[in-house]
Amino acid sequence: MTNRKFKSREELLEYALTAVGVPFYKIDKTNRLSTGKGALGTVIEESFFGYMPNSNSKPDFEELGVELKVTPFKRTKKGISAKERLVCNIIDYMTEYHKTFETSSFMSKCSTMLLMLYEYVSEFDKGNMSIDRAVLFSFPEEDLLIIRDDWYKIIRKIREGKAHEISESDTLYLGACTKGMNASSKREQPFSDKLAMQRAYSLKASYMTYVLREYIYGERTSENIIKYPGQLREISFENWIIERISPYFGRTFKSLTDEFGLTGTPKNINELIIAKILGVKGRISKTTEFQKANIVPKTIRIRRDGHIVESMSFPTFKFIDLINQEWEESDLFDYLSETKFLFIVFREASIDSVLESVKFWNIPNRDLEEVRKVWERTKEVIISGVEIIEKDGRKTNNFPKKYENAVAHVRPHAINAEDVYPLPDGRLMTKQCFWLNNDYIKSQLEVLDEISKGFGIRHGK
DNA sequence: GCATGATCATGC
DNA sequence: GCATGATCATGC
């Protein structure tokens, strides 16, 4: 244990490195291992650095301007992944909006972090895990420009009296995640009487995964869309993308596939068109920025009469997994609350469909609450035993139908009817997923149109 | 014409 | 073989 002052960042790092490889149970002197979330961070703070955990607005090593973060990662088939978002300080809605990004509580505290990374292994007790690496981390310029824009998005919602509508998927790398025991941990906000969920700045898990891969473990794998960070000095990432694609609005599907030499009918051909427009070699969803920000491209086809034919599918769920989850920890909640979508909108015209627009979208909180109802109902149906009735070779079931909820429903999503997952009672059922209703998608496109009428693409801060 | 079940194309 | 994004097919 130490409680000495470090004279320099180098000295701090040198000491931090002596924790590498030492199991936490050997470090822990104050019996913190048995405590809940954040136990390992507490062990390092108290037993390794010798100071009491605090919620100070200053960095942990104030004179050095360094904040300590102890955070887990996992090794997966695809490489190293952050196990969770990196949570920073709580946002004080009443004061934060006065500040600039440079003077924000986030930058004051977290602009340089001592990241102490440990590998999370599910079979291990916490005490048997250990710090794998310790590094000093400051944001590279290409990330800082996006994080800065994220910060202003959060502040804009506070200034508009919409702190209660803040959602983690509003932003790209820097999120505002909920923080508190439950939904009743609410705070006042300056420009509305409505109480807002307590939230903290956080670096999204998808972003942290790339920090680990690219900057710390050197597993760089993907292509950047933004070739020069300076390209985002005057414009947000989203608007930069839209500006680049907009010259192609109005073009027919055929003229686009001809121009870019795309053949065949892959299901993600529209994603490939967008990739070509942006000068990206492969899939847009595999680019650095889309991976870091968790952006998923989705095609929307609007018929000539304005109707959207298809609802929007998501990954399948496993029946047995779902009933063992609670909503707040469920796969669906994680997915929808942390994913931003890029809608690629085609409108059918007389001969061919035409690229009409591209729009970024994430689900509003109140609609996510509707999805929750569908999810809870689905859980009930699985627990009480799905009713499957076979008729003329087609099986019908009693999962939530489209007419039951304005936002979402449940439907099959499989290779064919024999592509199945087990039910808790041992029967096998065609794989299913949650779908966003086509009518709901239509209404959300209309909302986005209203918003874009109100703003020019280039915005002042 | 729509709701719901079923299936396709591709890449890893 | 399966996950994913997307669309087709059928019956009411």
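Numbers restart at 1 for each chain; the letters A, B, ... are given by sequence-line order, proteins then strands. Values reported hereafter were calculated over all heavy atoms of this structure, with side chains retained and with hydrogens, waters and symmetry mates removed. On a predicted model such as this, the values are computed, not experimentally measured, just so you know.
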(Q) Can you confirm whether or not the ring centre of A:Phe139 sits under 6.0 Å from the ring centre of A:Phe137? (A) yes

**Q.** Nearest-neighbour nucleotide for the A:Tyr421 side chain, C:dT7, C:dG5, C:dA3 considered
**A.** C:dA3

Q. When you measure from the side chain of A:Lys431, which nucleotide among C:dA3, C:dC8, B:dA3 comes out closest?
A. C:dA3

Q | Geometric cation-pi criterion A:Lys74 and A:Tyr120, 6.0 Å radius, 45° cone | A | no

So what does [X] hit on the nucleic acid, given a heavy-atom distance under 4.0 Å: a base, only sugar-phosphate, or nothing?
X	value
A:Asn270	nothing
A:His409	nothing
A:Phe314	nothing
A:Val309	nothing
A:Thr299	sugar-phosphate

Q. Using 4.0 Å as the upper bound for N to carboxylate O, is an ion pair formed by A:Glu338 and A:Arg85?
A.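 Yes, charged N to carboxylate O under 4.0 Å.
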
Q. According to a strict under-4.0 Å criterion, is A:Arg301 in side-chain N/O contact with OP1 or OP2 of C:dG5?
A.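 No, A:Arg301 has no side-chain N/O under 4.0 Å of OP1/OP2 on C:dG5.
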
Q. Within the structure, does a side-chain N or O atom of A:Lys286 lie under 4.0 Å from either OP1 or OP2 of B:dG11?
A. no

